[in-house]
Amino acid sequence: MTQFIGKLRLGVNIDHVATVRNARGGAYPCPIRAAKLAEDAGADGITAHLREDRRHITDPDIDGLMEALTIPLNFEMAATDEMQAIALRHKPHAVCIVPEKREERTTEGGLEVAREENKLAHFIAPLRDAGCRVSIFIAADQNQIEAANRIGAQVIELHTGAYCDFHAEGKFAERDAELARLRDMCAFAHSLGLEVHAGHGLTYDTVQPVAAFPEVMELNIGHFLIGESIFRGLTPAMDEMRSLMDQARL
Ligand code: PXP
């Protein structure tokens, strides 16, 4: 029988509520209201990515989330001095370090940890000292996982974007190969003592195989849930995701 490491948590990423708000300027719809709704609907955490260009989440959003939430905030950020100072001011429950390119539409790949080991080790040390759980967003790649472990990250989040893209494009052989890589790397990371999370691009169609990996403790899901909530509301959209995750764990 599969031995799951623990209950699978659902982190809801509310960036795209801010995307809609910012399309018009002004204050509506409010991502903090969405985060509180997600909290009431049973989210285990809220994820928000403060990008360098502030294209969705803004600094006042982070202030408001820190004040309003009773569940953990997973603060996604690039490894820059500016973001480090903001994280150290707020001391969120978790900080997830992601790569960031100005021209990208979303976080396209995992962080290159192996080549930046020294720099990243120094970068995350004060965050850890401040009590934040440091997570590194990486591809399912053994070198990157080993490097994340060496620099002192407590958590890795594996990028599921390629798996989801292959599924959407009907490239099922490639999808299954990526899924196998994700499965193996979840087990490998866990064997090193890292906590394993996963996310990016997950939908009702793609969530279950990832949720079924016994070492995965948290899935962070945003774009699809916020999109689906246009049609049915955030609570029912989340309920279905949660029930698919729970079924996959049975
Ligand atoms: N996890 C990380 C580290 C991310 O950067 C993102 C996207 O911001 C997500 C999860 C959620 O991805 P999606 O919005 O595609 O569900």
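Ligands are counted one by one from 1 in listed order, and the atoms in each one are counted from 1 as well.
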If we ignore hydrogens and angles and just use 3.5 Å, is the side chain of Lys36 paired with the main-chain N or O of Ala68 as donor and acceptor? yes
Name the closest protein heavy atom to atom 14 (O) of ligand 1, giving the residue it belongs to and the distance to 0.1 Å. His223 N, 2.8 Å
Just go through Glu76, His197, His49 and tell me whose heavy atom is the nearest to atom 5 (O) of ligand 1. Glu76
Numbered atoms of ligand 1 (with element) below 4.0 Å of Asp15, judged on heavy atoms: 8 (O)
Heteroatom proximity flag, Gly222 to ligand 1, N/O under 3.5 Å: yes
Considering non-hydrogen atoms of the protein only, which is the closest contact for atom 11 (C) of ligand 1, and what is the distance? Asn220 O, 3.7 Å
For the residue pair His159 and Phe137, does the interplanar ring angle fall in the parallel (under 30°), tilted (30 to 60°) or perpendicular (over 60°) class? parallel
Would you check, one step at a time, whether the test side-chain contact (heavy atoms from CB on, under 4.5 Å) holds for His197 with Arg9? CA-CA 9 Å; His197 299 178; Arg9 297 191 298 264; 3.4 Å; yes
Give the numbers and elements of all ligand 1 atoms closer than 4.0 Å to a heavy atom of Ile221. 16 (O)
Among all protein non-hydrogen atoms, which one is nearest to atom 10 (C) of ligand 1, and what is the separation to 0.1 Å? Glu157 OE2, 3.3 Å
Considering distance alone, does some N or O of Gly201 sit under 3.5 Å from an N or O of ligand 1? yes
Donor-acceptor pair, distance only, cut-off 3.5 Å: does the side chain of Gln142 make one with the backbone of Met185? no
Looking only at protein heavy atoms, identify the closest one to atom 7 (C) of ligand 1 and say how far it is in Å. His200 CD2, 3.6 Å
Looking only at the side chains, is there a donor atom on one of Glu76 and Thr47 sitting less than 3.5 Å from an acceptor on the other? no
Could you check whether any side-chain N or O of Tyr204 sits under 3.5 Å from a backbone N or O of Phe224, counting only pairs where one atom can act as donor and the other as acceptor? no
Please check: side-chain N/O of Asp44 versus main-chain N/O of Gly11, any donor-acceptor pairing under 3.5 Å? no
If you scan protein heavy atoms around atom 9 (C) of ligand 1, the nearest is Asn13 ND2, 4.0 Å
Side chains of Ser243 and Asp246: donor-acceptor distance under 3.5 Å anywhere? no
Phe137: heavy atom below 4.0 Å from ligand 1, yes or no? yes
